[in-house]
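Each chain gets a letter, A, B and so on, in the order the sequences are listed, and its residues count up from 1. Treat the numbers as computed from the prediction; the structure is a model and nothing was measured.
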Number of protein chains: 2
Amino acid sequence: MLTVSTVNVNGLRAAAKKGYLEWLAATGADVVCLQEVRAEPGQLADEVRDPEGWHSAHAHSAVKGRSGVAVLTREQPTAVRVGFGVEEFEHSGRYVEVELTGLVVGSLYLPSGEVGTERQDEKDRFMAAFLPYLVELREKAAADGREVLVCGDWNIAHRQADLKSWKTNQKSAGFLPYEREWLGSVFESGYTDVVRALHPDVEGPYSWWSYRGKAFDNDSGWRIDYQVASEGLAARAETAVVERAATYAERWSDHAPVTVEYRD
Amino acid sequence: MLTVSTVNVNGLRAAAKKGYLEWLAATGADVVCLQEVRAEPGQLADEVRDPEGWHSAHAHSAVKGRSGVAVLTREQPTAVRVGFGVEEFEHSGRYVEVELTGLVVGSLYLPSGEVGTERQDEKDRFMAAFLPYLVELREKAAADGREVLVCGDWNIAHRQADLKSWKTNQKSAGFLPYEREWLGSVFESGYTDVVRALHPDVEGPYSWWSYRGKAFDNDSGWRIDYQVASEGLAARAETAVVERAATYAERWSDHAPVTVEYRD
DNA sequence: CGTACAATG
DNA sequence: CATTATACG
């Protein structure tokens, strides 16, 4: 069995002080994808950057304290690639991928936006550039006999079942019609939304709750963290859970880990 | 008896959460001078800005989160004046004074500097401008039959006895020869350093300890908070203490209150 | 080392 | 509501 977790840690240094390391020590995952590390490798304590028993591949942003993604693997990767070949995003700390046996795993932190801002324009440009890359990646991996898994915070809820307050958020960044369509086009290009495929008929499970108000207590969340798998891998998915409880005792992120087990 | 306290609170909002309000409720002072309020009045909770049983006069900086001084009095002032008439410092939140019966009390936050920086130039300009004001203030108050008391963080240690590490700080801002001479000229212009006058032969008592390292535990401090009184008032000073213990249990500032009792 | 701000989410 | 950066002290 291959177990993969993905979680936006909202600042790895802060998360490490509050419970992330205990979660990591207890997880049975073989691969962990992290987003919003928000630190350069040199700013991280050794046991946070390279935890005992893991290989780690980090991609940080040129802007200090922003974004930052990583992939932790129990197996030593045969290759690590930072970015996806589009100049604007090469040093933005938004994508890193590693090659494992029969598998390419990417950790993605898609830009978050606000309607009418330059941040949203950046998100739009990222989406436009990333879709062709996904297609190309799948084709190249297939030629090498590898499946593809892109985990991360996509900052888009796909459908009404993917956020509690869908009615009031129809004009909100992250649930705009064109963003939803774009994510749909990802799922139509040979990739599967693994959690939704295993749980087609439920609301959620949400993976992000605002720190404001009582969003977490009321489970007023969004499902914006996905495991997006090529079809061969998606067919092997057996269980999928959002580890909401992982952040119960002391909440160490506003996101919860999304964990999937794939048959060998 | 007239009891006056002065304390640099290093952020009144933070101090209020950590013990300042309890200290204020317990103090027997008639007048309390505050420095480094670091908030506009509108940013302060009512009970912090205008504590029950006190009249308050605030002067905040045009730059948010910087400086800010206040005077709390049990007696209602007959006048409140912000600044000392020098344009550069009129909106800097560094000086406010109130008129009481037979007394003018000012709360001063003299700029802190670093050798070779524009901040130090600003400190120099402030010193140059403030000394003539002190002379004028004393003369005008005398004509009205009032004594003068200027309390605050002067950001200068006068003599070797006024800081623990005087040997290693001879080229440090706050203990530069010309700063010490300037403060000496204040004390020669008809004002008295009340705490030193009552305790001429002791090291300290220090009123500020860096938050860095073990400065507080080692009493490696500086005496930079003064009560500077006109001669008639200085002659009435009976006791002077630095309330180091006030910040023991939970340290609510890097400075401690300096409290003096004056006979009626 | 700690309090503020600002930007980001 | 939280993390981070930076300025200031």
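Bounding nucleotides for the chain A contact on DNA chain C, 5' to 3', at a heavy-atom distance below 4.0 Å, are C/dA7 to C/dG9.
With sequence neighbours left out, the ring-ring contact (aromatic ring centres under 6.0 Å, His included) criterion links B/Y20 to B/W252. A search for side-chain contact (heavy atoms from CB on, under 4.5 Å) contacts involving B/V63 returns B/S61, B/R66, not counting sequence neighbours. Residues passing the side-chain contact (heavy atoms from CB on, under 4.5 Å) test with B/Q170 are B/W166, sequence neighbours excluded. Under the side chain to side chain donor-acceptor pair (under 3.5 Å) criterion, B/E87 pairs with no residue, sequence neighbours left out. Here B/Y95 pairs with B/F130, B/Y133 under the ring-ring contact (aromatic ring centres under 6.0 Å, His included) rule; sequence neighbours left out. For B/R159, the side-chain contact (heavy atoms from CB on, under 4.5 Å) criterion is met by B/D162, not counting sequence neighbours.
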Task: Protein proximity profile, nucleotides 3-9 of chain D - base contact B, sugar-phosphate-only contact S, no contact -, cut-off 4.0 Å on heavy atoms - done: BSS-SSB
Show which side-chain atoms of residues 149-156 of chain A pair as donor or acceptor with protein atoms under 3.5 Å away, not counting sequence neighbours.
{"from": "A/D153", "atom 1": "OD1", "to": "A/N155", "atom 2": "N", "distance (Å)": "2.9"}
{"from": "A/D153", "atom 1": "OD2", "to": "A/N8", "atom 2": "ND2", "distance (Å)": "3.0"}
{"from": "A/N155", "atom 1": "ND2", "to": "A/L110", "atom 2": "O", "distance (Å)": "2.8"}

